[in-house]
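The chain is numbered in sequence order, starting from 1. Note that the structure is predicted; figures quoted are calculated from it, not measured.
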Amino acid sequence: QVQLVESGGGSVLPGGSLRLSCAVSGFAFSRYFMSWYRQAPGKERELVATITSDSVETWYRDSAKGRFTISRDNAKNTLFLQLDNLTFDDTAVYYCNTPPPTLPWGQGTQVTVSS
């Protein structure tokens with residue numbers, strides 16, 4: 001029974017920060033690359049960031065570079081995404097999954113950036 005449970009979202013002002021978590025169970029988490037995705041209203045889901053199984057390498061979409069930091073704790077089966085300097089365009093529901101997605105989607109966590 002694979003479960004992906006995202007948390008940590010909220011409503012912030014432009015320039016604010018959030019730290020998202022993804023708790024994974026029923027899956028060999030430490031063996032797989034993991035990614036964060038997001039979906040804004042009326043738009044398709046897009047890849048935001050990826051991290052290797054051993055945290056040696058990371059990748060970010062261009063708009064996230066320098067602002068977002070992906071990390072993981074394999075001992076706790078948890079994936080993180082630190083969001084800094086948030087802008088209106090970061091407003092979306094954020095999800096975790098493998099790259100490419102192979103697991104059932106969790107409920108996601110809502111990030112809203114507004115003034």
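Although no hydrogens or angles enter the test, the distance criterion places a donor-acceptor pair under 3.5 Å between the side chain of Arg61 and the main chain of Leu47. Between the side chain of Arg72 and the backbone N or O of Thr52, at least one donor-acceptor pair lies under 3.5 Å.
Taking CZ of Arg38 as the start and CZ of Arg45 as the end, the distance is 13.0 Å to the nearest 0.5 Å. Rounding to the nearest 0.5 Å gives a distance of 14.5 Å between OG of Ser30 and NZ of Lys76.
Pairs of residues two or more places apart, or lying in two chains, that qualify as disulfide bond (SG atoms under 2.5 Å apart) and include a residue from residues 22-115 are Cys22-Cys96. Pairs engaging residues 6-16 under the side chain to side chain donor-acceptor pair (under 3.5 Å) rule: none recorded [sequence neighbours left out].
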Can you check side chain to side chain contact (heavy atoms under 4.5 Å, CB included) on Arg67 and Leu83, steps first, answer last? CA-CA 6 Å; Arg67 302 188 301 121; Leu83 309 175; over 6 Å; no
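If you chain together hydrophobic residues whose side chains sit under 4.5 Å apart, Val5 and Trp105 never meet in one group. If you chain together hydrophobic residues whose side chains sit under 4.5 Å apart, Tyr94 and Val12 fall into the same group. Each of Val2 and Tyr95 belongs to its own hydrophobic cluster when Ile, Leu, Val, Met, Phe, Trp and Tyr are linked at side-chain heavy-atom distances under 4.5 angstrom.
Summarising the local packing, CZ of Phe27 is surrounded by more than 12 heavy atoms from other residues, nucleotides or ligands at distances under 6.0 Å.
For the residue pair Leu20 and Thr109, the shortest heavy atom distance occurs at CD2-CG2, 4.0 Å. Residues Ala92 and Gln110 come closest through the heavy atom pair O-NE2, 3.4 Å. Ser114 approaches Phe88 most closely through the heavy-atom pair CA-CE2, 3.7 Å. The two residues Phe29 and Asp73 make their nearest non-hydrogen contact at CE2-O, 4.0 Å. In terms of heavy atoms, Lys65 sits closest to Tyr60 at CE-O, 3.3 Å. When all heavy atoms are compared, the tightest approach of Phe33 to Ser53 is CD1-N, 3.5 Å.
Two residues are said to be in side-chain contact when any heavy atoms from C-beta on lie closer than 4.5 Å; Pro14 and Thr87 fail this criterion. Side chains of Thr98 and Leu103 form a contact here, defined as non-hydrogen atoms less than 4.5 Å apart.
Put simply, the residue from Val111, Ile70, Leu18 that forms a side chain to side chain contact (heavy atoms under 4.5 Å, CB included) with Leu81 is Ile70. Partner Leu79 forms a side chain to side chain contact (heavy atoms under 4.5 Å, CB included) with one of Asn97, Ile51, Asn74 and no other, that one being Ile51.
Between Trp36 and Phe68, the ring centre distance reaches or exceeds 6.0 Å.
Contacts of Thr50 classified as side-chain hydrogen bond (donor to acceptor under 3.5 Å, both in side chains), with partners at least two apart in sequence or in another chain: Ser35.
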